[in-house]
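All heavy atoms count here, side chains included; hydrogens, waters and symmetry mates do not. Letters A, B, ... mirror the listed sequences (proteins, then strands); counts begin at 1. Just so you know, these numbers come straight off a predicted model, no measurement behind them.
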Amino acid sequence: MADEERQAQILQLIRSVPEGFVTTYGDLCPEAPRLPGRILSTTKEKGLPWHRIVRADGSFAQGDRQRRLLRKEGIPFAGKRVDMEVAHMPREALLAQV
DNA sequence: CTAATGACTGTCT
DNA sequence: CAGACAGCCATTA
C-alpha cells in the first residue's frame, strides 16, 4: 500500500504547483526521480499540470509541446531552458502548501 | 527469477 | 558545454 501512498503524494504535489512556476522530478520524489516520470506517462489522471514538471537543469522532457505550454503560462525562460532561478518551486514549498 | 527500459540525477570526461 | 556512467524505483518481457 505504500506504493499507492507514494503515488498519491506525488500526484498531489504536482497539482499544488502554482501557475507560472515549475518543479522537478527530483523534488516530487528525491529517492526515485524516474517514478514521477513513469506516473505522468502512465496515469490517466486529468487536469494535471504535467508541463510544469521539468528536469533539474531546467530542460523539459516533452520538447516543443511542453515548451509552448510553459511559455503560455508566463514561465520565465533562460535561453532554451526554464529559468529555474525564478520559476523553480522547491519541494519544501510544495509540502508547505499542503 | 533475471534482464531491460523509462517524462531522472549527480559526477566525471 | 556536451556526452558517458552508474545509481534509483517500479513496470514489463
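Rounded to an integer number of Å, the gap from CD1 of A/Ile10 to P of C/dC9 is 13 Å. Atom-to-atom, CD1 of A/Ile39 to P of C/dT12 comes out at 13 Å; the value is rounded to the nearest Å. One can place CD of A/Glu31 at 15 Å from P of B/dT9, the figure rounded to the nearest angstrom. Going from atom CH2 of A/Trp50 over to atom P of B/dA7 covers 13 Å, rounded to whole Å. In this entry the distance linking CZ of A/Arg34 with P of C/dT11 reads 14 Å, nearest Å. Per the geometry, CG belonging to A/Asp57 stands 14 Å off C1' belonging to C/dG3, to the nearest Å.
Under the 6.0 Å distance and 45° angle rule, A/Arg71 counts as a cation-pi partner of A/Phe77.
Listed pair A/Arg38 / C/dA10 fails the phosphate criterion, with no side-chain N or O lying under 4.0 Å from OP1 or OP2.
When all heavy atoms of A/Gln66 and A/His51 are compared, the closest pair comes out as NE2-O, 2.9 Å.
Side chain of A/Ala32, nearest nucleotide from B/dA7, C/dC9, B/dT9: C/dC9. Taking the side chain of A/Leu35 as heavy atoms from C-beta on, and the options B/dA7, C/dA10, C/dG7, the nearest nucleotide is C/dA10. Nearest nucleotide to the side chain of A/Arg6, out of B/dA7, B/dC8, C/dC9: C/dC9. Set against B/dC8, C/dA2, B/dG10, the side chain of A/Arg55 has B/dC8 as its closest nucleotide. If you check B/dT9, C/dA2, C/dC9 against the side chain of A/Arg81, the one that comes closest is C/dA2.
The closest side-chain donor-acceptor pair between A/His88 and A/Asp27 falls under 3.5 angstrom. A/Arg65 and A/Gln62 share a side-chain donor-acceptor pair at under 3.5 Å.
Among the protein residues, A/Gln62 comes within range of the nucleic acid bases, having at least one heavy atom under 4.0 Å from a base atom.
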